[in-house]
Amino acid sequence: MHEIWKDMFVMGLPLLEKILRPILVYAFLVISLRLSGKRELVQLNPFDLVVLLTLSNTVQNAIIGEDNSVLGGVIGATSLLVTNYLVVRFLYDHRKLDQFVEGKADVLVDNGKVVTRHLKKELITMAQLEAAARKQGFETLAEVQQCILEPGGTLSFLGKKPGTEDVRHQDLVARLERLTQEITLLRGSQPPSRA
């Protein structure tokens, strides 16, 4: 066999080992990311990004071993994809286990008040929370009724509903604007007065 074809398609490791390595690394990463908290999944600062990028490079050799063949890489990638599909499928049918693996949602803002102990637990700074609120269209946290850090790492914001006085004020302002427009129209349609 030609040397190029041998390097590309002859695996340097047994097939079973090529399948088991990615599965073990997958399990390790799922457990590690779960223990490190939801912050790793949502609010990446430059340090978190560096860790995730170097982590992927670090576990690469554990997944492929000493095998650099194309076939070995395809088998490793396929093993990861199949494992992920089976785990997600399994957890879909087992909600309690899914909740245990993914964790529960954390309320970061409750009734308009920031829950600092939850921020501290998730290692999210006030500046990061404010930036996330701005991304969702809130100018300040004062406009936020509730913020939830979901198990998957996303932040869900709910805005405050205006109080009855605010609604009444807005209604009166709208009525005044309509009256002003009607008066302007009436003045424009009247003939000039003769003196």
Side-chain angles (χ1 to χ4, degrees), residues 22-64 76-77 80-81 83-92 94-174 176-177:
I23 292 171
L24 293 172
V25 171
Y26 178 89
F28 167 76
L29 289 175
V30 166
I31 292 167
S32 299
L33 287 173
R34 171 67 179 98
L35 293 175
S36 67
K38 293 181 278 276
R39 180 183 190 284
E40 295 297 327
L41 303 174
V42 65
Q43 298 291 325
L44 292 180
N45 64 33
F47 305 110
D48 297 330
L49 182 61
V50 167
V51 167
L52 287 177
L53 290 174
T54 55
L55 183 64
S56 66
N57 192 39
T58 303
V59 298
Q60 173 191 357
N61 292 336
I63 290 174
I64 63 172
L80 279 175
L81 293 171
T83 301
N84 188 58
Y85 174 79
L86 292 174
V87 167
V88 169
R89 197 87 189 132
F90 180 79
L91 291 177
Y92 180 80
H94 299 85
R95 292 324 244 162
K96 288 187 179 185
L97 185 58
D98 181 41
Q99 190 177 41
F100 175 75
V101 170
E102 285 203 20
K104 293 182 179 182
D106 279 328
V107 178
L108 302 180
V109 177
D110 193 24
N111 290 324
K113 295 182 180 169
V114 176
V115 184
T116 52
R117 72 183 186 321
H118 289 179
L119 283 179
K120 198 174 224 178
K121 176 182 146 202
E122 295 297 339
L123 300 175
I124 297 175
T125 65
M126 192 65 119
Q128 290 170 328
L129 184 64
E130 289 169 344
R134 283 191 298 276
K135 285 181 186 176
Q136 296 293 322
F138 297 98
E139 288 185 30
T140 67
L141 287 177
E143 299 174 7
V144 176
Q145 176 67 24
Q146 190 174 46
C147 172
I148 300 172
L149 178 59
E150 303 292 349
T154 58
L155 288 170
S156 301
F157 288 90
L158 299 171
K160 289 183 179 176
K161 293 186 172 128
T164 54
E165 289 298 317
D166 292 333
V167 171
R168 189 176 302 139
H169 175 74
Q170 290 171 356
D171 185 43
L172 286 173
V173 168
L176 283 172
E177 286 177 5

Could you work out, with side-chain contact (heavy atoms from CB on, under 4.5 Å) as the rule, every residue matching [X], not counting sequence neighbours?
X    : result
V87  : Y26, T83, L91
Q170 : none
F28  : S32
T140 : A142, E143

Problem - Residues which pass salt bridge (Lys or Arg N to Asp or Glu O under 4.0 Å) with D98, listed by chain and number, not counting sequence neighbours - result: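 D98 satisfies salt bridge (Lys or Arg N to Asp or Glu O under 4.0 Å) with R95 only.
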Problem - Shortest non-hydrogen contact from A62 toward V25 - result: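 Closest heavy-atom pair between A62 and V25: CB-CG2, 3.8 Å.
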Handout entry: L123 versus Q128, closest heavy-atom pair with distance
Key =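 The answer is O-OE1, 3.9 Å.
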Practice task
Enter the distance from L155:CG to D106:CG here, rounded to the nearest 0.5 Å.
Solution key: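 The distance works out to 10.5 Å.
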Practice task
To the nearest 0.5 angstrom, please state how far the CD1 atom of I148 sits from the NE2 atom of H118.
Solution key: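 Answer for the CD1-NE2 pair, I148 versus H118, is 11.5 Å.
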Exercise for the section: List for me each residue that meets ring pair (Phe, Tyr, Trp, His ring centres under 6.0 Å) alongside H169, sequence neighbours excluded, and say none if there are none. Expected result: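 Ring pair (Phe, Tyr, Trp, His ring centres under 6.0 Å) list for H169, sorted by chain: empty.
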Exercise for the section: Evaluate the criterion side chain to side chain donor-acceptor pair (under 3.5 Å) for residue pair N111 and Q145; output intermediate values, then yes/no. Expected result: CA-CA 5 Å; N111 290 324; Q145 176 67 24; 3.0 Å; yes
Exercise for the section: Start with the C-alpha distance between F157 and L129, add both sets of side-chain angles, then the distance that settles side-chain contact (heavy atoms from CB on, under 4.5 Å), and finish with yes or no. Expected result: CA-CA 10 Å; F157 288 90; L129 184 64; 4.1 Å; yes
Exercise for the section: Report yes if the side chains of L141 and V144 come closer than 4.5 Å at any heavy-atom pair, otherwise no. Expected result: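 Yes, side chains in contact.
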Exercise for the section: May I ask you to test the S156-E150 pair for a side-chain heavy-atom distance under 4.5 Å? Expected result: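 Result yes, sub-4.5 Å side-chain heavy-atom pair found.
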Practice task
Taking atom NZ of K160 as the centre, report whether more than 12 heavy atoms of other residues, nucleotides or ligands fall under 6.0 Å from it.
Solution key: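 More than 12 heavy atoms, drawn from other residues, nucleotides or ligands, come within 6.0 Å of this atom.
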Problem - Partner of Q146 under side-chain contact (heavy atoms from CB on, under 4.5 Å), chosen from L108, V109, V107 - result: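 Between Q146 and the candidates, side-chain contact (heavy atoms from CB on, under 4.5 Å) is satisfied uniquely by V107.
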